Every structure is written in structure tokens, then in C-alpha cells.
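What follows is one structure encoded as C-alpha cells, with my remarks underneath.
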Amino acid sequence: MALPLQRNLRGGPGQLGLVRWAMHRSLDSLSGRVCIVGVMNPSEAQQRIGELRAEVSRHDELYYRRARPEITDFDYDQLKSTLAEWERRFPEVARALGAATPTARVGDDRSEGFVRVKHRLAMMTLDNTYDEGELREFYARLGKALGGEEMAFTVEPKIDGVAVSLTFEQGSLTRAVTRGDGEEGDDVTANVRTIRGLVTQLVGERVPAVIEIRGEIFLREEEFRRINQLQEEAGEAAYANPRNLAAGTLKQLDARLVASRGLEIVVYGLGVCEPAVVSTQTAYHAQLKAWGLPVVERLWSVRGIEAVWAAVQELDRVRRGFVYGTDGAVVKLDSFEQQRHPKIGFRGMGADGRAEVARKLSPRWACAFKFPPDRAETRVRAITIQVGRTGALTPVAELEPVVLAGTTVKRATLHNADEIARKDVRIGDAVLVEKAGEIIPVVVAVLLGQRPVGSAPFVFPQYCPVCQTAASRGAGEVVWRCLNVRCPEKIRRGIEHFASKGGVDIEGLGEEMVALLLAQGLIRTAADIFRLQMADLLPLKKSGEVWAGNLIAAIAARREADLWRVINGLGIPQVGAASAKELARTFRSLDTLAAATTVDLLRVEGFGEKMAAGVVTWFADEANADLQRGLRAAGLNPTPPPAGSGALAGKTFVITGTLPTLSREEAVAKIEAAGGKASGSVSKKTHYLLAGAEAGSKLAKAISLGVPVIDETEFRRLLQVGP
Ligand code: IVH
């Protein structure tokens, strides 16, 4: 797994010292040497600038194009500002090295397979600062440029997502384009149309003829974890954080896959707007909301630098409650007229340090203040290997306990063997830990200066630490696995998962009890649970009649568990609760599912090649087929969902106009597969009118009858989650 990017970290006032120290350290470790810019000579500067340009460009490529960064945002920001400082101090050297420097361009996210589209107005970026003093300087600079005019500001969350520009023409969403290189981005319209909560038609008044609305696409923490778990189970590299996963998802060529991952969007920015409809950022925010678009949760409209700073600090206190990750505050001059004031201008610095190069990189009317990461230093006591239910071997750093963002951290994931080797984490090392996405602690760097003498690189075990079977790793996979179907740890975890809340949900059969039953030889597989008798359980606890009776009753009550729970409980790679529900709806019994071919599975809503293959391969494994038969023999009789109980059961749809990606036949097939009905004419009994471009009289009739009108995006959402 790539090194986590860290954006959502907390930094209280007392932390500045640590942050500065960490900055120094990280620069030191990244560049491999400590240097004082001022005392270098031009030839050393030339080498340094060359190295730093190459290094920043490499990280730009990893971050923007591949969504697989290797260093934290914080370290990246430091690296880039070091380069900027070198270029500022040695402008002749920088010029001699050529104009191609990462400090003079917006990262480039354009990738193969997408049509490139020019933005009507370039998408710029903002300079970052972690320093309160620099924020105050920004304020003072604007005050000076405006010659003492009254100034109002907005303070907004800086959303940690992927920038996108949405074009609405006559109120209709016509294009969604990534930032690209700022001038030209990738057309991701089909993918963006699958985003829930994004209206594709602006509602209400003051809708301009053409408007470019800028925003940020993101994934919620829960969704990030759900998808990452599936990735890991499939032996693929997990994504470092929600932002990377959102970026990776947005660049998928299959809109169906995109629809299965819950991307969301929030909008805040303006490109071209013809005719202009508002004149301040505050009014623009209100207008976006009135048009039905999702906007930032809080926006502070303030005057005076003290009020700006107070708002930034308040944002830092409340941002944890937001549905998206935030990595800072964006402070904007509120008035559009003032923003355009010629004395304010843009930064467009080239390699030569002059500000008058052609490209505008960032406006000077806004400033991004980033919250420093929460980091702490501790030591690695041991590196242990966890065995997951799919056999994945996950290395874990056992740490000397350290308080981080208010909680005591004792363990941190090291993700996989490659990751340990890349960071060269060794037992006994002093390390910096951060909280990634504020939840999972991660080791971000080894403090090489404090490495104990005689330490040795960690050797990833070539065998399962529990059953000692040789571990294996498939071609192109990052995860080592124990493939022993009899591995006691895999079995234990598998049974635990089967009985868990997301699985068959047997009350009283948690982690400890599963371990006890296994240790006593009372169960060997999940099927044995259904063969347990009172007499088996009574000896396990003193005066345990009531407890044993309850457990036996709880097991009996789940003999007819919902089919989807059983499917989910089996732990088939790639299959989570939502896909288990789809499988249950489509196949209606375990036997039918077991016999399903790839072709059958590809017809299931939300299933692509990989998921279909995952199911087929799972049932082809003799041990799994045995388990399935064993469950039946032990009396498990799963309950299929009632007929016609699909997500759209009982709902009647009428389709009109041309849908963006679905043909009429495909839409009808989806409605029917989800238990709904497609009808030809609109009446009071119609539940939804699914309307595409050039919808005619049916649309007018639906509106007059008050029948809800939905577009393809909303239709896809209904298919996933129901009305
Ligand atoms: S305003 C000219 N407002 O952060 C660019 N940007 O580091 C004006 N971002 O490029 C951007 N939240 O991708 C603005 N509330 C917000 C933002 C925001 C996230 C992103 C955006 C921008 C980058 C700047």
C-alpha cells in the first residue's frame, strides 16, 4: 500500500514546535541531507534545484496521475516550498536549468482513455501556508493593495478531495472536467453523473446561460474503508486515504464501477459565468445552495484579521464533524470586484523567479491555511503479522504507547511487505506516527538518526505465523497470503465473520466464544455451529444453563437467516453486504448461486468482471463448496428475499427522452431486475418518470400530475439504495 497521505490532522497551538521539528526532520530524511540555503554556492545550488525538481515532479506524478502518493501532503508541501526557496535565492541558476519546474505549474492529472477538454476559464490553485504569520501577511498585503478599502472575507473548509469543474448550460449539467494541467482536463462527465446528491438540473431563479461551477469530489470515511477492505481482500493495493481513492475512482473508465462507489461532491468555486449573477463569495455560496447543489457545511463571513483567524480556529474545532475530510481553511476576499482589482493579481512565478510569465497559477485574493498534522514520535517494540480471514498477512508495528490526537496509540499498520521495505522500518526504530484519515494510525517515517546500532532490516516471514505454511503472493499482488484452507487463524476469523452482525448475526457468538468453541473442538467450520447441543455448551461455564440455552436459541433463530446474510457471511472476496443483497435477489438460493457462471453474474447490478470472477473462483474451491454443502446438511435454510422485493419492488416507471448512458431497453431491464415495472404511459399510478434529453409530452403530463421526475443519476441511485 502506498504511504498514506495525511491531510486531516489536528494541530493545536502547543504543537508548533513539534511541527517545525518534524518539518526539519522530514526535509532532512527526504532530501538525504541537511543544508542551509544561504551558504551554498551556485554549482551546489544547481545540483540541489535539479534534484528537488525531479523529486517534486515524481511526487506530482504519483499524486495527480496515479493517485498513489508515497509521501504525506505535509512532507510534499515542505519539499515543494524548499524548492521554491532555492529557486528564489538562486534565480540565475533556476533560469539556466530551464522553465520546466513543478513550482510553476499546477499538478497534472490528465490520463489515458479520457477526452481532453479546455476549461473556459483556467482552474488555478492556491498557495499553502501552515503559518499564522503568513496568513496575517496575506491580509496586510490585500489591505495595502486596496488602499484601505473596507474588506470582507469568507473562511471556508478546504475540502480534501479531487477538484472538478462542472459546466451547466441553460441550467443543465453538460460537462464535468478534472483540473488537468489547469488549462485542459479530462472529461469525466459519465462518472460524475453517477454521483449521488448532484442535481443535473439547476432549480430556481437566476440560472445563467453558461456557468462553470468548481468543486471537490470526495468519499466518506466509511465508504473509503468499505472499498479498501474489498481491495485488500482481492489482493490489491489499498488506497492510502479517501482522497486517493476518490481520485482513482473518478478516473475509472467503467461508469458502473464508479456508481458502485459512493462518490460525493461539494461545490464552492466559480469559473466562467454568463451573465454574472452574484458579486460576492457569500452570495455565490447561497446561490449554489438555492440551485440545489451540495455546498460546504459552514462558511464564515467576517471582517478584520482577528475575525478571520478566529474563524479559522473555529473551523479547526468543528471540521471533524464534516462528512468530507478537510485539510485546512480557504480564506477568500469576499467581493468579486475587489478580487479583480489589478493590484491584487496572480502568482505565476516561472523558474527564473519573475512574476510576469504567461501562466497564472494562483490568485492572490485567496489563501489556503493548512492545519498541521498530528504526529508523535515513538518506538517500534516489535513487528507482528496478522492473519486475516482471507489469509492476507498484514504486518503491524507494536509501538511504545504514545498519545496522539487525544488517544493512546499502541499499534500501527505497516500495510504490507513492500511498504516495510520501502520505509525500512526495523524493530527498535524510532518512528513518527500520524493518524491517517484521523482513524488508523500509520508509521510515516523512520527517524534514521535514532536507529539503534546493530539493527537489521525486517525480514518478512515466508510462512504463515500461525500454521507455518509457506506464504505465497500472486503475480502483481502486494499481499502475501496463507493459502492453507485449514489454517486455524483463517478458520477462526472466517467463523467470526460468519456469525458477526454483518453476517448471520448470532447473538452471543462473538470473538471470544468462537475461539473457545474451536479450542474445545466443538466446532471446526461455520456449519458445526448449527450442530451444537446444550450438552456441548454446559461444561464450558459454571451454572451455564441460562447462557447455553440462550446461545442455542440464538443459533436456532438464525437457521432461516436472510440469504444475503449467509452470502455475506461466507466471506467471498469482493462481496460485501450490498453485493450480497444483489446476489440474493438474483439467485434466490445458495445452490443456484454456487452454480452461477460468469455470464450469469455479470448480469447482476453492479457486478463487473472482477467481482464475477471472485464468486466463481470461490465456489470452485472444494473446501468452500464443502462448507456450503455442510451448512445445508447442518440444517441452515436461508430465507430468500420475498419475490418482487428488489430495490424497486412495486414501483412503476415511465421512461421518456434519451438517457445519457442507458438505452431504453437497458433501463427497462434494470427496472424489472430490481422488481419494478416499466409502463408506457404516465398516469396517477406512475411512481417515477425517468426523463432524458428531449423529453416531450410525457414530461409535461408527469409534472401536471405531480409524478416525481428523475434523471439517470437519480435512477442509478434508486437501483442501489431503493426509493
Ligand atoms: S477556492 C483559484 N475553496 O484546494 C483556486 N479551493 O489548494 C480557488 N479546495 O485548487 C480555489 N476546498 O482544488 C477553494 N473551499 C475551497 C476549497 C478549495 C478545496 C481545493 C481546490 C484548490 C485547492 C487549492
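Ligands are counted one by one from 1 in listed order, and the atoms in each one are counted from 1 as well. The model shown is predicted, which means the values in this text are computed figures rather than measured ones.
Judged as a ring-ring contact (aromatic ring centres under 6.0 Å, His included), and not counting sequence neighbours, the contacts of Y139 are F153. For T129, the side-chain hydrogen bond (donor to acceptor under 3.5 Å, both in side chains) criterion is met by E134, not counting sequence neighbours. By the side-chain hydrogen bond (donor to acceptor under 3.5 Å, both in side chains) test, S165 pairs with R214, sequence neighbours left out.
Here the shortest heavy-atom pairing between E183 and A122 reads OE2-CB, 4.0 Å. Contact record, Q252 with F114: O-CZ, 3.8 Å, taken as the closest heavy-atom pair.
Under 4.0 Å is where a charged nitrogen must lie from a carboxylate oxygen, and between E222 and R225 no such pair does.
A heavy-atom cutoff of 4.0 Å around ligand 1 is satisfied by the protein residues M124, T125, L126, E156, P157, K158, I159, A163, R179, E216, Y268, V330, K332, P363.
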